[in-house]
Each structure stands twice: as C-alpha cells, then as structure tokens.
Amino acid sequence: MPEHEDGYRELRHAIMGYIVSQAVFAVTEAGVPDLLAHGPAEAGDLARRSGTDAGALVRFLRVLVAEGLFTEGPRGTFALTATGAYLRADRPGSLRHLVTLMAGEAYRAWGLAGHSLRTGKPAFDELFGQPMFAWLRAHPAESAAFDAAQAGLVTVRMRPLVERDWSGARTVVDVGGGNGELLRTLLAGNPHLHGVLFDLPHVVREADVPAERCAVVGGDFFTGVPEGGDVYVLAQILHDWDDHAAVRILREVAAAMPPHGTLLVVEQVIPEDDARHPEKLLDLHMLVLLGGRERAAGEWRQLFAAGGFELTAIERGTRSTLLAAKVRRPGGTVSGRQDNGAGN
Ligand SMILES: C[S@@+](CC[C@H](N)C(=O)[O-])C[C@H]1O[C@@H](n2cnc3c(N)ncnc32)[C@H](O)[C@@H]1O
C-alpha cells in the first residue's frame, strides 16, 4: 500500500477526472436529469426514455452516485440529489448550460492542453485552425448553441447587475451582449431604460430584444463601439482576451463613453490563496480556448488603468463579481464622480 494512501487515491481520481466530466456530459445530454425532475425512476425505464443502453446507464450512474449527483434506491431506481438537480434544464440556476460550454469543441481543445502550456497560446486555434469566435461564425448551429448557453447562465451570473438600482441610468450599451438576454432582462425590470445591443453581426442577427426600446448594432469591438450610452456593460468579455487585446477593447469603450458614463464589468476575480476555486479552472479554460485569462483584483486594477479607466468599486457576488469604473481624464482625475444611480 502506498505510504500516503489518501493522497494516492486523490491523485488517481484527479488523473481520471475527465471520466467524471464526460460521464456528467453524456448523462446530461441524454436528458437523464430532466427525466428525474419529478422523482425517482427505474433504470430500464430511464434508459428507454433517454435512448440509452440500460446496462451502460447503470454503470455511468454508479460513477455519478459516488460523485453525489444521484442516489440509488431499491430495485435499481435512481434519483437526483440536491446537487445533481442543478443539471436539470428547467430549474433556476441550472448548470445544464455549463455542460454545453464545457463539452463538444471545448472539450476537444483540452486534448491539446500541452500546446497551451508550452506556448501560452490557445489549443483551440491549433486544433481547429482558427480562433474560436471565427470558428463559431462559420458554424451557425454551434454558434447558436454557444449564445443560448451564455444566455442561459445570465440569471445567476448577471445577478449583481440585474439587482442594481438602475433608476439613474437611461441608456445601457451591452458590448458583446450575445443574443440580448441580459438587455431583455434589464429592460423588462426597468421600464424607463433603453438599450443598445452590440456584438458581432452574425450574433446580433439572432437577437431577440424589444425593437422599440433597444437598438441592435453589429460590429467589432476592436474597431469601435456605439456612442450614446450612459452605462456600458462588458459581461464576460475581457476574460476572453489577453491583456493587450483587453486594453484595446477598454480603450474603444472609453472613447465612446460620455464624461459622466460608467463602465460595469461582470467577471470573475481570482482569489489570491492556495485553495481550490472554480475561477482558477476557468482561468485555464480561457487560455486553452481563447488565449484569455481570469484576473486577480490587482490585475483588474492595472488592466483598467492601462485601458483608460479607474476602478471605483468591486462587488463580489456568489457566481460573479461586478467591477465598476469611470473614465480617467487627462491629468489623472476620474470623470463624472457624481452618482448616476447605476454608476458605482
Ligand atoms: C463569453 S460571450 C459573453 C456574452 C454575454 N455578454 C454574456 O455574458 O452572456 C463573449 C461575446 O463576445 C462576442 N464577441 C467576440 N468577439 C467580438 C468582437 N470582435 N466584437 C464584438 N463582439 C465580440 C461574442 O460573439 C460573444 O457574444
């Protein structure tokens, strides 16, 4: 028996960790968690309704029972645990969308993680021959699934933004706003607000926003963003890019913003300790997929400064963090200190 038995077991589990992820992907994509939404079911019945092999399903579920996602009851019945219930598509805070984002091409890119380790460049580009957002443009079905999965995460990820007091804001420009889910939610909850949805042309073509209160603009945030907002949102955008590219995006936003404008960034902040934390995994995911990165608080401060902003507030939520910033005017002062309600 190895000397450090617990460590040995844990290391074996870590080395085989992708088996757990793949089991979660396969069982979720087959719809098994949704079939258990109303209570336990017998394995044969589950297999029939999910189009899976009964014997294989039981073996997949055995792994996921051990992971605490399912329980096995008498006579081969299975049920979801409270944690496993997050894999259901229909429940608030569902992580079904995260499965979509981590499986498929993203997972295949991880097969070349060593390329990212050696070069600091995205494995995705090496495997698929082009950057991920360009690849998505050429693959409409995958692009729609990506946009829908991002939108599906809005309720939890955007909570710090959605729950703000928006009474002092008039026009919100959502830069890289995907298919418009965030603006739809914000406009529904704040009847006085107007929105501008800005994203790549093939993405905004699929947007579903109230036309009378929301302009839709297709473009490239490296060459300009729409003017005229008093609040600019960058939600889960800057982590897709390395520092050089992220600074270019920030400068385009700074150039478009009026002096009183506020920038609200919804991102992750990496804790500066040695503990396990999903943000540290997401940081590597951003590297492997896009050459991007998650950032610690000090790195955010520096990035904002290089992009022409001063960080004015950090509000940590459970799933994401809201960073507020103002444009730094010549002479080093921050413009528009007055509170505009949604501004800090
Ligand atoms: C990670 S998603 C975030 C979407 C949305 N803000 C959210 O939080 O759900 C990144 C978004 O950036 C958009 N994007 C990527 N490159 C872009 C570019 N050059 N100009 C404008 N938008 C871009 C993508 O189409 C995608 O919608």
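Atoms within each ligand, like the ligands themselves, are counted from 1 in listed order.
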Are [X] and [Y] close enough for a salt bridge, meaning some N to O gap below 4.0 Å?
X: Asp6; Y: Arg9; value: no
X: Asp274; Y: Lys280; value: no
X: Arg108; Y: Glu142; value: no

Please work out whether any backbone atom (N, CA, C, O) or any side-chain heavy atom from C-beta onward of [X] is under 4.0 Å from ligand 1, and answer side chain, backbone, both or neither.
X: Glu181; value: neither
X: Phe221; value: both
X: Ile237; value: side chain
X: Val175; value: neither

Distance under 4.0 Å to a non-hydrogen atom of [X]: what atoms of ligand 1 satisfy this?
X: Ala235; result: 3 (C), 5 (C), 6 (N), 7 (C), 8 (O)
X: Met158; result: 7 (C), 8 (O)
X: Val203; result: 25 (O)
X: Asp220; result: 18 (C), 19 (N), 20 (N)

(request) Tell me, with the steps shown, if Gln302 and Arg295 meet side chain to side chain donor-acceptor pair (under 3.5 Å). (result) CA-CA 10 Å; Gln302 284 174 13; Arg295 297 173 171 93; over 6 Å; no

(request) For the pair Asp230 (side chain) and Arg170 (backbone), establish whether a donor and an acceptor sit closer than 3.5 Å, ignoring hydrogens and angles. (result)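 Checked: pair present.
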
(message) I want to confirm something. Looking only at heavy atoms, which of Val266, Thr223, Asp174, Asp199 is nearest to atom 27 (O) of ligand 1?
(response)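 Of the listed residues, Asp199 has the closest heavy atom.
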
